[in-house]
2 protein chains.
Amino acid sequence: MTDTTPRQRARLETEAQITAIGNRMVDEDGIEGVSLRAIARELGVVSSAVYRYVRNRDELLTILIRDAFDQIADFVDEALAKERSVAVLALAMLEWSRAHPNRWALIYGTPIADYEAPREETVVPGTRIMIALARLVADSAGDEGPTPEPLPSAAALQPLREGLAELGLEHEDAVIMSTVTIWVAAIGLINALRFGQFGPGLDGVEDELMRGVISSLGE
Amino acid sequence: MTDTTPRQRARLETEAQITAIGNRMVDEDGIEGVSLRAIARELGVVSSAVYRYVRNRDELLTILIRDAFDQIADFVDEALAKERSVAVLALAMLEWSRAHPNRWALIYGTPIADYEAPREETVVPGTRIMIALARLVADSAGDEGPTPEPLPSAAALQPLREGLAELGLEHEDAVIMSTVTIWVAAIGLINALRFGQFGPGLDGVEDELMRGVISSLGE
DNA sequence: GAATTTCAGAGAGCACCGCTCTTGTTTTGT
DNA sequence: ACAAAACAAGAGCGGTGCTCTCTGAAATTC
């Protein structure tokens with residue numbers, strides 16, 4: 001016997017419905033298309049009623065953002081389980097962005113105006129992939145000996161080192177620098193593709209471009 | 001004697017005011033803060049009156065986007081006039097993004113929902129910097145001999161080659177690939193910094209990070 | 001110089017949004 | 001059985017983009 005009352009079960013059900021509808025609205029119309037009034041309408045309920053389940057629109061957005069971070073990180077983890085490499089990681093991100101372009105924009109695009117994601121809610125899921133990348137870079141660092149390239153001064157990397165430390169990680173400066181470079185290049189390419197900055201006609205060559213970028217970064 | 005009527009002069013004046021207010025609103029509150037009703041209020045005019053000057057909100061956005069593209073391209077050109085190098089180009093973009101974060105987001109962030117920039121209005125100003133980068137890469141290509149890295153198949157670069165051809169440019173595949181890599185890394189880093197994806201505390205080290213990324217790309 | 005066309009602006013109105021407050025009703029825990 | 005808590009409804013506030021009609025003034029035409 002579950003000691004949950006019918007009302008409690010109904011509440012969980014409704015909460016799940018709200019986030020499901022919210023996710024669907026993001027997929028269909030982007031973040032702008034997420035409307036509490038429309039959700040209420042779809043639930044067959046008056047608009048003020050949804051505020052029983054969600055404090056305000058921002059709270060719903062936080063849920064959707066956390067979900068999206070976890071989904072793409074899960075997807076990347078699955079891909080890495082088959083083969084651990086930087087290229088696989090980047091290609092998995094690219095593939096997920098193709099399948100969920102609006103969710104991608106939600107987490108890696110312009111921050112939402114007048115909204116600040118609560119760090120305690122989003123930092124952990126939001127950093128999973130980057131941590132995985134740092135591990136990959138660190139693992140393959142020994143393969144090619146010490147990097148000959150001039151590193152930025154240690155001071156410049158200090159804030160990033162601290163950020164990693166908070167998550168319980170420590171890496172050499174060369175690893176951090178390499179991770180950052182690969183990260184911004186991969187994200188930058190995916191954003192350029194998703195946001196149409198290279199013009200049309202690149203649909204069929206996305207993976208190849210990503211492979212080219214990654215390989216020219218020496219991984 | 002100008003043969004412009006007072007009415008024509010007043011119209012030009014009002015149009016200029018509208019775009020100036022629009023730019024200020026972008027700077028203050030981002031694209032979401034651009035409201036035709038608020039502009040009307042500021043002009044001391046009823047809301048429907050501004051539609052005499054601007055067909056709709058999207059048309060104003062197009063004007064603001066074109067302006068922003070031209071402004072950053074002018075800024076980069078000025079920097080390159082002093083010293084022609086990839087690092088200077090990237091650092092100039094970064095500096096401009098710091099001075100005008102919301103305008104940066106307007107042109108390099110998530111596309112605006114339900115808005116499609118008319119290509120004929122925005123392609124030319126929107127590609128100026130990338131063309132300058134391609135020229136820089138091409139000029140310095142001879143310095144280090146042919147690239148040893150494996151290039152993606154010519155087919156993958158075909159759409160980009162066509163895009164450049166439309167703008168009257170031709171470059172080798174190695175140059176195109178290198179340009180794309182540098183471009184996405186630079187844009188990716190600036191976006192990460194502007195959008196806070198690396199967390200707080202990086203304000204003082206932005207330039208050094210950019211130099212590190214660019215130098216690790218071999219330029 | 002008078003008649004006519006053009007155009008700027010006013011005002012009302014439509015449909016949407018987030019969000020709050022008050023009022024009943026139903027389900028819970030005591 | 002009864003008080004407390006949760007829920008839903010409804011009205012309302014202020015905001016958005018945009019359209020339509022109407023008036024008055026300026027510019028153009030004759």
Side-chain angles (χ1 to χ4, degrees), chain A residues 1-19 21-22 24-26 28-65 106 111-117, chain B residues 1-19 21-22 24-26 28-65 106 111-117:
Chain A
M1 284 294 177
T2 62
D3 61 343
T4 63
T5 69
R7 190 171 252 175
Q8 280 174 320
R9 272 178 279 120
R11 171 166 258 276
L12 289 178
E13 168 80 10
T14 305
E15 285 173 353
Q17 271 184 321
I18 288 175
T19 74
I21 296 173
R24 207 207 57 222
M25 285 175 164
V26 169
E28 287 173 353
D29 300 308
I31 190 61
E32 321 280 344
V34 176
S35 151
L36 292 187
R37 289 189 108 110
I39 290 176
R41 232 174 287 132
E42 196 157 328
L43 290 175
V45 108
V46 87
S47 74
S48 61
V50 309
Y51 289 88
R52 294 267 158 199
Y53 300 93
V54 155
R55 189 181 299 272
N56 50 36
R57 187 170 179 269
D58 282 4
E59 189 176 288
L60 176 57
L61 297 190
T62 299
I63 295 170
L64 299 177
I65 288 170
L106 185 63
I112 298 152
D114 297 323
Y115 167 83
E116 186 142 10
Chain B
M1 288 289 175
T2 63
D3 62 343
T4 62
T5 70
R7 192 174 253 176
Q8 280 174 321
R9 271 178 281 120
R11 170 165 260 275
L12 289 178
E13 168 80 9
T14 305
E15 285 174 353
Q17 271 184 323
I18 289 175
T19 75
I21 296 173
R24 205 206 59 224
M25 286 176 165
V26 168
E28 287 173 355
D29 300 310
I31 189 61
E32 322 280 343
V34 176
S35 151
L36 292 187
R37 289 188 107 112
I39 290 176
R41 233 175 287 132
E42 196 157 328
L43 290 175
V45 108
V46 89
S47 74
S48 60
V50 309
Y51 289 88
R52 294 267 159 203
Y53 300 93
V54 153
R55 189 180 300 273
N56 49 37
R57 189 171 179 268
D58 282 4
E59 188 176 290
L60 176 57
L61 297 191
T62 299
I63 294 170
L64 299 178
I65 288 170
L106 186 62
I112 299 151
D114 297 323
Y115 168 84
E116 185 141 12

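Below, read A as the first sequence line, B as the second, and so on, with proteins coming before strands; counting in each chain starts at 1.
A side chain to side chain contact (heavy atoms under 4.5 Å, CB included) with B:D58 is found for one member of B:L60, B:V54, B:L61 and no other, namely B:L61.
Mapped onto DNA chain D by nearest heavy atom, A:R37 and A:G44 fall at different nucleotides, with A:G44 at the one closer to the 5' end. Between B:R7 and B:S48, the residue anchored closer to the 5' end of DNA chain C is B:R7, taking for each the nucleotide with the nearest heavy atom.
One interatomic measurement links the two molecules: CD of B:E15 to C1' of C:dC7, which rounds to 13 Å at whole-angstrom precision. Atom pair B:R11:CZ and C:dT6:P shows a separation of 15 Å (rounding to whole Å applied). When the P atom of C:dG9 is taken as reference, atom CG of B:L36 falls 15 Å away, rounded to whole Å. Atom-to-atom, CG of B:L43 to P of C:dA8 comes out at 14 Å; the value is rounded to the nearest Å. What separates CG of B:L12 from P of C:dC7 is a distance of 14 Å, to the nearest Å. Across the protein-nucleic acid pair, B:D114 atom CG and D:dC18 atom C1' stand 15 Å apart, rounded to whole Å. At whole-Å resolution of the value, CD1 in B:I31 and P in D:dG17 are 11 Å apart. The distance between atom CZ of B:R41 and atom C1' of D:dG14, rounded to the nearest whole Å, is 10 Å.
Counting heavy atoms from C-beta outward, B:L43 and B:I21 have side chains that approach closer than 4.5 Å.
Between A:A40 and A:S47 the shortest heavy-atom distance is CB-CA, 3.6 Å. Taking both residues in full, the closest heavy atoms of B:T19 and B:L64 are given as O-CD2, 3.8 Å, listed atom of the first, atom of the second, then distance.
The side chain of A:S35 places an N or O atom within less than 4.0 Å of a non-bridging phosphate oxygen (OP1 or OP2) of C:dG18.
When the salt bridge (Lys or Arg N to Asp or Glu O under 4.0 Å) test is applied to A:R7, no partner is found at least two apart in sequence or on another chain.
Residue A:V50 is out of contact with every strand shown, counting any heavy-atom pair closer than 4.0 Å. Residue contacts shown for B:V46 include a base, since a base heavy atom lies under 4.0 Å away.
Sorted by residue number, the members of residues 51-61 of chain A with any non-hydrogen atom under 4.0 Å from DNA chain C read A:Y51, A:N56, A:R57.
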In residues 29-39 of chain B, what donor-acceptor pairs under 3.5 Å come from side-chain atoms, sequence neighbours left out?
residue	atom	partner	partner atom	Å
B:S35	OG	B:R37	N	3.3
B:S35	OG	B:A38	N	3.0

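Salt-bridge formation is detected for the pair B:R11/B:E15: a Lys NZ or Arg NE/NH1/NH2 atom is positioned less than 4.0 Å from an Asp or Glu carboxylate oxygen.
You'll find that the side chain of A:T5 is closest to C:dG29, out of D:dC18, C:dC17, C:dG29.
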